[in-house]
*Asks:* 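Got a structure here, written out as structure tokens. Questions coming.
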Amino acid sequence: MKGKIVKISGPLIVAEGMADSKIYDVVRVGKEQLIGEIIELRGDRASVQVYEETAGLGPGDEVSSTGAPLSVELAPGIIGGIYDGIQRPLVRLSELSGDRIGRGLNAAAVDHAKKWDFVPAVKAGDMVSAGDVLGTVRENDVVEHRIMVPFGVAGRVSAIESGPFTVEETVAKIATEQGERAVCMLQKWPVRRGRPYKEKFSPDEPMVTGQRVIDTLFPVARGGCAAVPGPFGSGKTVVQHQLAKWADADIIVYVGCGERGNEMTDVLNEFPRLIDPKTGHPLMERTVLIANTSDMPVAAREASIYTGITIAEYFRDMGYNVAIMADSSSRWAEALREMSGRLEEMPGEEGYPAYLSSRLAEYYERAGAVKILGSGERTGSVTAISAVSPPGGDLSEPVSQATLRIVKVFWGLSSALAYKRHFPAIDWLQSYSLYADRLRPWFDEHAGESFMQDRAFAMKVLQEESGLSEIVRLVGMDALSPADRVTMETAKIIREDYLHQNAFHETDTFTSLKKQRAMLEMIRAFYVAAGDAVARGADVEDTLHIPAREKIGRAKYLPESEAEGDIRAIIAEIKAETAAAAEEAE
């Protein structure tokens, strides 16, 4: 199907003679064969968003439809890849055109010539259905790539071979009711359609991140959705980098959607050098990067989110737990707003399209914990964590509000905390997690029943501090009762010595649940012991500044292997020193 351009408006072109095309078909535009996608059809006129610079195009230039939707290649070789928003490999494009991506360039997402050692997991004569694992490929030392029966295929394996194959060579043949089907290691999947699964269930396990403010106060479930809104400079990107490094996920998909190029450069420089503590190998060996930065075409920002979530679903279908980081969904929404304006659609609030909320919901609903297709009760998950960049930190703007109606975890970043150099700058009074109650049984089993009790204690103290701070601002700290002074000092310990975490310190950058539990027990022991001492008449200043107080502040820098024993010793010192202060007063 070929048509002619009749109108050009930035990245949007209108072509006539496209009556036989379908919505979301990929098209090639002009002599340079620029890549575009049909986003609206009216009669024989198609509106096409072009994913490349449209300078040089003019009325009458040819537009040809490929007859296929925008799809991604799913095969061995994805892991460690760096792609643009429509899954073109940036390393290969730089070889073809240098530092700037040439127009009309096209390159396969994975290497079609490289051979991979395929190891069968079934044998001839076995019955298989969509989602069953036919065999495996060792993609690297960390990831085992599982080759699955394609969706819509079921039958008996008539032939299967082992050995080195390219992704397009046949590794197995399946006798189906429609005839024999040859299966290779390469699958293609349209990005705007979610991959199927048996059943989605409510997540009941946390994704442990090693970030104390998140794991303790505002946990995210494995298969859940979280938003990280905050003004410029408050640390959204650093939070996402920390989660990508340390989160308890098998595969990381990091989508740089419209943010500055230097932020993706940080990822590209750091991830290959950073050793994953779980595997002992570079973090890049379980990461896929999609870079569609602010100097790349605006239209491709919209596609980059779908490209990322489709790759995440593919690894979920292998049985992996995947985390996808989108930085940021606000830039994606701005791309929607620009294209909607060029389509002359009726605008919604602040110029965003009226369908903004439904598009966001379509993205987030593709996250989740599911029973995957195939035999057996296998599960996988996709956890979606998106940064939101409201102008000036105004959370009443449409993207933030639409996101908050969908996600169940809100990590609100505070510019006031960021200016105080308190990172992560997650505001403990505004943030929330709706997963906390559902995750309580897991925490009780794996972190001890005291963990959630100590969490409730910490949140109570922080709330009380908020109220007492008003009094302190008016009349000073000396006006508070000794018990309230203990509360204020305990809140200070929680804020400065527990919730504050240095992402660049080799020990403090990650804290296990075991160490988090011990630190909380230590803080609570101080609160109880100090409160008991001042109640018995001990001087409040002497009680709050016992020698063990300094050790409490340094506890977060204790190595994981020594932390629990050393913290037990600190608790003993706290009890002994506060008791001594009370006895002296009596």
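The analysis underlying the following values was restricted to heavy atoms, covering all of them including side chains, and did not include hydrogens, waters or symmetry mates.
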*Asks:* Is the shortest side-chain heavy-atom distance between Glu40 and Arg45 below 4.5 Å?
*Replies:*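 Side chain of Glu40 against side chain of Arg45, heavy atoms only: no contact under 4.5 Å found.
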*Asks:* Do Arg342 and Glu344 meet the salt-bridge criterion of a basic N to acidic O distance under 4.0 Å?
*Replies:*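 Judged by the 4.0 Å cut-off on N to carboxylate O distance, Glu344 and Arg342 do not form a salt bridge.
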*Asks:* Against Glu302, only a single residue in Arg331, Arg359, Arg337 fulfils salt bridge (Lys or Arg N to Asp or Glu O under 4.0 Å); can you say which?
*Replies:*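 Exactly one candidate clears the test, Arg359.
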*Asks:* Apply the test side-chain contact (heavy atoms from CB on, under 4.5 Å) to residues Ile38 and Tyr24: give CA-CA distance (whole Å), side-chain angles for both, the deciding distance (0.1 Å), then the verdict.
*Replies:* CA-CA 5 Å; Ile38 297 174; Tyr24 297 134; over 6 Å; no
*Asks:* Are there more than 12 heavy atoms of other residues, nucleotides or ligands under 6.0 Å from atom NZ of Lys31?
*Replies:*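 Not buried by this count: 12 neighbours or fewer within 6.0 Å.
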*Asks:* Under 3.5 Å, is there a donor on one side chain and an acceptor on the other for Tyr320 and Ser381?
*Replies:*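 Ser381 and Tyr320 do not have a side-chain donor-acceptor pair below 3.5 Å.
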*Asks:* Using a distance-only test with no angle check, is there a side-chain donor-acceptor pair under 3.5 angstrom linking His112 and Glu73?
*Replies:*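 Glu73 and His112 do have a side-chain donor-acceptor pair below 3.5 Å.
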*Asks:* Looking only at side-chain N and O atoms, does Glu345 offer a donor or acceptor that is under 3.5 Å from a partner on Ser340?
*Replies:*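 Indeed, the side chains of Ser340 and Glu345 share at least one donor-acceptor pair under 3.5 Å.
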*Asks:* Output the distance between atom OG1 (Thr166) and atom CG (Leu186), rounded to the nearest 0.5 Å.
*Replies:*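 Thr166 OG1 to Leu186 CG: 9.5 Å, rounded to 0.5 Å.
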*Asks:* Hey, could you give me the CD1/CG distance between Ile252 and Asp250, rounded to the nearest 0.5 Å?
*Replies:*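 So the gap between those two atoms works out to 9.0 Å.
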*Asks:* Within this structure, what is the NZ-NE2 distance for the pair Lys245 and His241, rounded to the nearest 0.5 Å?
*Replies:*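 Between Lys245 NZ and His241 NE2, I get 7.5 Å after rounding to 0.5 Å.
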*Asks:* Would you call Val149 and Val183 a side-chain contact if the rule is heavy atoms closer than 4.5 Å?
*Replies:*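 Sidechains of Val183 and Val149: no contact.
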*Asks:* Establish, from distance only, whether the side-chain atoms of Arg366 and Thr310 form a donor-acceptor pair under 3.5 Å.
*Replies:*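 Side chains of Arg366 and Thr310: pair found under 3.5 Å.
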*Asks:* Write down the atom of Ile5, the atom of Gly58, and the distance for their closest heavy-atom approach.
*Replies:*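 In this case the closest contact between Ile5 and Gly58 is CB-O, 3.8 Å.
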*Asks:* Less than 4.0 Å between a side-chain N and a carboxylate O, is that true for Glu365 and Lys200?
*Replies:*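 Glu365 and Lys200: not salt-bridged.
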*Asks:* Start with the C-alpha gap between His145 and Tyr314, add the side-chain angles, then the distance that decides, and say whether ring-ring contact (aromatic ring centres under 6.0 Å, His included) holds.
*Replies:* CA-CA 10 Å; His145 200 109; Tyr314 174 62; 5.5 Å; yes
*Asks:* What are the two closest heavy atoms between Ala387 and Ser328, and how far apart are they?
*Replies:*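 Heavy atoms only, the tightest pair is O-CB, 3.3 Å.
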*Asks:* List the atom of Pro190, the atom of Pro69, and the distance in Å for their closest heavy-atom pair.
*Replies:*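 Minimum heavy-atom separation between Pro190 and Pro69: CB-CG, 3.8 Å.
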*Asks:* Test your reading of the model: is there a side-chain donor-acceptor pair from Asn140 to the backbone of Glu285, 3.5 Å cut-off?
*Replies:*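 Yes; judged by distance alone, with no hydrogens or angles, the pair exists.
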*Asks:* Between Ser64 and Arg28, do the side chains contain an N or O donor and an N or O acceptor separated by less than 3.5 Å?
*Replies:*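 There is no such pair between these side chains.
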*Asks:* Do Ile251 and Val143 come within less than 4.5 Å of each other through their side chains, counting heavy atoms only?
*Replies:*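 Counting from C-beta outward, Ile251 and Val143 do come under 4.5 Å.
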*Asks:* Looking at Cys225, is its backbone amide N or carbonyl O close enough to the side chain of Tyr435 to form a donor-acceptor pair, meaning the two atoms are under 3.5 Å apart?
*Replies:*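 Such a contact is found between Tyr435 side chain and Cys225 backbone.
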*Asks:* Quick one, Glu349 with Gln401, criterion side-chain contact (heavy atoms from CB on, under 4.5 Å). Give me CA distance, side-chain angles, the key distance, then yes/no.
*Replies:* CA-CA 11 Å; Glu349 188 178 357; Gln401 287 300 305; over 6 Å; no
*Asks:* Would Glu397 and Ser400 count as having a side-chain donor-acceptor pair, cut-off 3.5 Å?
*Replies:*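 The criterion, which ignores hydrogens and geometry beyond distance, is satisfied for Ser400 and Glu397.
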*Asks:* May I ask you to decide whether Arg192 forms a salt bridge with Glu362, counting only side-chain N to carboxylate O separations under 4.0 Å?
*Replies:*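 No salt bridge links Arg192 with Glu362.
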*Asks:* What's the verdict on side-chain contact (heavy atoms from CB on, under 4.5 Å) for Glu37 and Asp25, showing C-alpha distance, side-chain angles and the deciding distance?
*Replies:* CA-CA 6 Å; Glu37 183 184 21; Asp25 273 1; over 6 Å; no
*Asks:* Measure the spacing between OG of Ser389 and CG of Asp327 and express it to the nearest 0.5 Å.
*Replies:*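 These two atoms lie 6.5 Å from each other.
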*Asks:* Check whether Thr307 reaches the backbone of Gln87 with its side chain - one donor and one acceptor, N or O, closer than 3.5 Å.
*Replies:*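 Checked: no pair found.
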*Asks:* Just so I know, are the side chains of Met284 and Arg273 near enough to count as touching, which here means a heavy-atom distance under 4.5 Å?
*Replies:*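 Contact flag for Met284/Arg273 side chains = no.
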*Asks:* Check this for me: does any side-chain nitrogen of one of Arg103 and Glu53 sit under 4.0 Å from a carboxylate oxygen of the other?
*Replies:*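 Salt bridge: no.
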*Asks:* For the pair Arg316 (side chain) and Ile372 (backbone), establish whether a donor and an acceptor sit closer than 3.5 Å, ignoring hydrogens and angles.
*Replies:*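 No: the side chain of Arg316 does not pair with the backbone of Ile372.
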*Asks:* Output yes when Lys114 and Glu139 qualify as a salt bridge under the 4.0 Å nitrogen-oxygen rule, no when they do not.
*Replies:*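 Glu139 and Lys114: not salt-bridged.
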*Asks:* As an exercise, state the distance from CG of Leu105 to OG of Ser97, rounded to the nearest 0.5 Å.
*Replies:*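 Here the rounded value is 5.0 Å.
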*Asks:* Supply the atom-to-atom distance Ile160 CD1 to Ile147 CD1, rounded to the nearest 0.5 angstrom.
*Replies:*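 So the CD1 of Ile160 and the CD1 of Ile147 are separated by 10.5 Å.
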*Asks:* Donor-acceptor pair, distance only, cut-off 3.5 Å: does the side chain of Lys198 make one with the backbone of Gly374?
*Replies:*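 Looks like yes, one N/O pair under 3.5 Å.
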*Asks:* What are the two closest heavy atoms between Lys371 and Phe201, and how far apart are they?
*Replies:*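 Heavy atoms only, the tightest pair is N-CE2, 3.9 Å.
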*Asks:* Mind running side-chain hydrogen bond (donor to acceptor under 3.5 Å, both in side chains) on Glu180 and Ser158 for me, showing each step along the way?
*Replies:* CA-CA 8 Å; Glu180 193 166 69; Ser158 57; 2.8 Å; yes
*Asks:* Does the side chain of Ser386 reach to within under 4.5 Å of the side chain of Tyr364, using non-hydrogen atoms?
*Replies:*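 Ser386 vs Tyr364: side chains touch.
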*Asks:* Could you tell me whether the side chain of Asn269 and the main chain of Asp266 form a donor-acceptor pair under 3.5 Å?
*Replies:*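 Absent.
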*Asks:* Looking only at heavy atoms, which two atoms of Val167 and Ala75 are closest? And how far apart?
*Replies:*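 Shortest heavy-atom contact: CG1-CB, 3.9 Å.
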*Asks:* So, does Lys236 use its side chain to make a donor-acceptor pair with the main chain of Gly230 at under 3.5 Å?
*Replies:*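 Here the side-chain-to-backbone pair exists.
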*Asks:* Would you say that Tyr83 contacts Arg88 through its side chain, given a criterion of any heavy-atom pair below 4.5 Å between the two side chains?
*Replies:*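 Of all side-chain heavy-atom pairs linking Arg88 with Tyr83, none is under 4.5 Å.
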*Asks:* Could you check Leu57 against Leu34 for side-chain contact (heavy atoms from CB on, under 4.5 Å), going step by step and ending with a plain yes or no?
*Replies:* CA-CA 10 Å; Leu57 294 177; Leu34 306 184; 4.0 Å; yes
*Asks:* Check this for me: does any side-chain nitrogen of one of Asp61 and Lys4 sit under 4.0 Å from a carboxylate oxygen of the other?
*Replies:*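 Lys4 and Asp61: not salt-bridged.
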*Asks:* Just by distance, with hydrogens left out, do Tyr197 and Glu199 show a side-chain donor and acceptor under 3.5 Å apart?
*Replies:*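 Tyr197 vs Glu199: no donor-acceptor pair found between side chains.
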*Asks:* Quiz question: by atom type and distance under 3.5 Å, do the side chains of Thr279 and Arg286 form a donor-acceptor pair?
*Replies:*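 Absent: no donor and acceptor within the cut-off.
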*Asks:* When you check the gap from the basic side-chain N to the acidic O, do Arg222 and Asp204 get nearer than 4.0 Å?
*Replies:*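 No, this pair does not count.
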*Asks:* Using the six-membered ring wherever Trp is involved, compare the ring planes of Trp332 and Tyr363 and label them parallel, tilted or perpendicular (cut-offs 30° and 60°).
*Replies:*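 Trp332 vs Tyr363 ring planes: tilted.
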*Asks:* Report yes or no: does Thr170 contribute a side-chain atom to a donor-acceptor pair with the main-chain N or O of Ala172 at less than 3.5 Å?
*Replies:*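 Between the backbone of Ala172 and the side chain of Thr170 there is no qualifying donor-acceptor contact (under 3.5 Å).
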*Asks:* Determine yes or no for a side-chain-to-main-chain donor-acceptor pair under 3.5 angstrom, with Thr54 supplying the side chain and Gly10 the backbone.
*Replies:*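 Yes, the answer is positive, given that a donor and an acceptor are paired below the 3.5 Å cut-off.
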*Asks:* What pair of heavy atoms forms the shortest contact from Lys2 to Met18, and how long is it?
*Replies:*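 Here Lys2 and Met18 meet closest at C-SD, 4.1 Å.
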*Asks:* Donor-acceptor pair, distance only, cut-off 3.5 Å: does the side chain of Ser304 make one with the backbone of Gly85?
*Replies:*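 A pair under 3.5 Å: no.
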*Asks:* I'd like to check Ile35 versus Ile86 (side-chain heavy atoms, cut-off strictly below 4.5 Å). Are they in contact?
*Replies:*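 Of all side-chain heavy-atom pairs linking Ile86 with Ile35, at least one is under 4.5 Å.
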*Asks:* Find out whether Ile290 and Ile311 are in side-chain contact, i.e. whether some heavy atom of one side chain is under 4.5 Å from a heavy atom of the other.
*Replies:*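 They are in side-chain contact.
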